[in-house]
Amino acid sequence: MLEAILLSVKLALLSTVLLLFIATFIYLVLPKQGILQNLVNTVMMLPLVLPPTVIGFYLLLFLSPQGPLASWQLAFTFEGLVIGSVIYSLPFVYQPIRNSIMAIENSHYELAAIMGAGPLDRFFSVTLPLARNGFIAAAIIGFAHTLGEFGVILMIGGNIPGETQVLSVLLYELVEVGDYPSAHKLSALLLLSSFCLLLLMSRFSESWLVKESATPAFKGGQN
Amino acid sequence: MREVGTSTSGLVLKIDCEINSSLRLSIDEAIPIQGLCAVYGESGAGKTSLLRAIAGLNVYSGAYISYKDEIWQDKAHFKQTHKRNLAYVMQEANLLPHLTAKQNILFALKRRNQWNKKATSDNVEFQKVIELMGVGDCLDRYPVQLSGGEKQRVALARALLTQPDLLLLDEPLSALDDNRKAELLPYIELIKSELQSCILYVTHSKRELAKLADRVLMVEQGRYTLSEDIYSSLFPGDTALAKEVVFAAKVVAKEPKWGMQVLDIAGRQLRLKDSGERIGSAVNLCISAKDVSLSLERPERSSILNLLPATVISLQEMPDDFSIDVLLDVSGQRLWASISRFSAQQMSLEAGLDLWAQIKAAAIVA
């Protein structure tokens with residue numbers, strides 16, 4: 001069981017770090033309006049409504065020995081799980097990051113520019129510190145969501161101890177074989193850790209509720 | 001008109017652009033580098049738009065902006081805000097909320113000191129400016145922990161320390177109440193004397209203007225004209241702007257029992273509410289036309305204490321058809337009184353008439 005716990009934590013940590021970079025990058029390069037923005041946003045939101053098994057199925061097709069990415073040999077590996085997790089948790093991480101960056105008043109960017117800060121400088125000296133809570137909330141929800149993932153993992157990772165057998169999959173197996181005492185322990189552990197993570201997140205997540213504001217008129221504002 | 005690119009030095013502004021459906025910004029002037037140029041006009045006349053264009057925050061197509069022959073904007077070039085060596089203090093929100101006052105100042109110094117190597121937090125220059133602006137106690141606090149006046153002083157200290165070529169002040173005192181304003185005005189004067197660069201100062205207070213400006217950029221409905229003669233621009237005979245005059249006065253006595261003080265204006269004494277000035281100190285007294293009423297005879301037992309003998313210079317009918325502005329001569333100084341046409345007719349006012357001006361209220365400005 002310890003092996004599965006460690007594997008889950010490793011998967012969640014790695015996915016979270018990747019997600020923070022990917023989500024921020026997508027927000028920064030994505031146009032702030034127009035058809036492209038709508039399309040990309042819609043694609044990214046798909047995991048919110050699709051059954052995880054659908055995502056898992058398509059990923060499996062892509063990664064399987066007959067699929068287009070077969071040469072990467074990612075099906076039923078830990079790396080494959082990371083890819084699946086990143087795709088599956090992206091909307092959950094992207095939203096708080098996007099909301100918290102959008103909530104930053106344009107006047108702060110103008111002020112930084114007046115004080116001599118260029119676009120990249122403004123990202124590090126204004127965007128990151130002012131959107132800090134959004135990033136923390138995004139990291140927590142990304143971690144918790146990856147920890148609780150089941151369908152995608154089962155589809156593309158299977159159930160290989162030490163490689164792809166994470167907590168949720170192990171739990172499923174324990175129930176299958178009728179090992180209820182172990183299943184109790186594992187469920188309680190997941191319940192408690194999820195509760196703690198969500199409680200922690202509520203401290204940072206006010207920016208979740210911030211309504212979308214208009215696109216900044218100031219040209220250098222978005223980054 | 002100067003040819004584009006051939007003018008030497010100064011801030012050259014050529015903009016002719018529609019800001020919105022009701023306002024067209026139009027300017028073609030070169031502002032000399034030395035001294036403080038006030039930008040004066042009513043709210044909504046496009047003053048902030050002009051400053052934002054100069055700072056590169058608003059982009060108006062077809063505009064030409066250059067400073068000391070360095071082109072900031074023309075058809076082919078656009079120098080971004082962070083590359084223009086300027087400082088800009090707005091009405092409020094001049095500090096980044098996640099940095100302390102000191103960090104805010106250093107933020108600008110670190111990035112602007114390619115122009116000014118001297119300024120760091122521990123040198124004499126820094127200490128001197130911090131002391132001048134009276135912000136020593138604020139340095140380690142965050143903006144939310146500072147009062148409005150303190151925030152503006154920190155922003156002004158930062159502007160002074162970065163030694164910009166061009167300082168844009170957009171009504172930096174407007175968010176403050178009158179007492180705070182009077183407190184901060186001397187700091188602006190200090191900046192003017194410390195900083196040897198062009199200062200554009202937006203205001204719609206004639207008091208501030210009369211005290212600070214070397215020249216004035218008047219704006220009416222987006223149309224700008226530069227004038228070196230402040231007084232005739234400020235108090236022209238023919239505009240309907242609020243007519244205020246500033247008298248030089250001196251505090252001569254206090255009457256603590258009544259909470260009043262006695263001021264001397266050209267040999268005449270006025271009694272005003274004691275606002276804490278020292279006896280013997282020179283003050284400017286601002287009297288606006290609406291606070292002056294007229295009487296043909298010296299009124300006895302009136303609640304209005306302050307009477308000045310005056311002579312009518314001219315009468316000016318206001319466009320509203322009911323009121324009339326009277327220009328008076330008070331021992332050689334001008335004073336405006338705004339009265340109704342009815343009263344004017346009752347009193348048979350005409351140029352040359354001697355009468356009494358009753359001052360209902362006057363404000364001491366720094």
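Because only heavy atoms are used, hydrogens play no part in the values below, and waters and symmetry mates are left out as well, while side chains stay in.
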Please state whether the side chain, the backbone, both or neither of [X] comes within less than 4.5 Å of a heavy atom of chain A.
X       : result
B:Ala55 : neither
B:Leu95 : backbone
B:Asn58 : neither

- Contact leader toward chain A among B:Ala93, B:Pro97, B:Ala159, B:Ala87, where contacts are heavy-atom pairs under 4.5 Å: B:Pro97
- Query: Given a strict heavy-atom distance threshold of 4.5 Å, which part of A:Ile114 is in contact with chain B: side chain, backbone, both, or neither?
  - Reply: both
- Task: Only pairs at least two apart or in different chains count here, so list each side-chain hydrogen bond (donor to acceptor under 3.5 Å, both in side chains) that has a residue in residues 77-86 of chain A.
- Result: A:Ser85-A:Glu149
- Note on the structure: Contacts of A:Glu3 meeting salt bridge (charged side-chain N to carboxylate O under 4.0 Å, His left out) (sequence neighbours excluded), chain-then-number -> none
- Task: Would you kindly check if the NZ (Lys) or CZ (Arg) of B:Lys102 is within the cone defined by 45 degrees around the ring axis of B:Phe107 and under 6.0 Å from the six-membered ring centre?
- Result: no
- Does NZ or CZ of A:Arg98 fall inside the cone over A:Phe92's six-membered ring, less than 6.0 Å from its centre and within 45° of the axis? no
- Query: Can a salt bridge be assigned to the pair B:Arg141 and B:Glu150 using a cut-off of 4.0 Å between side-chain N and carboxylate O?
  - Reply: yes
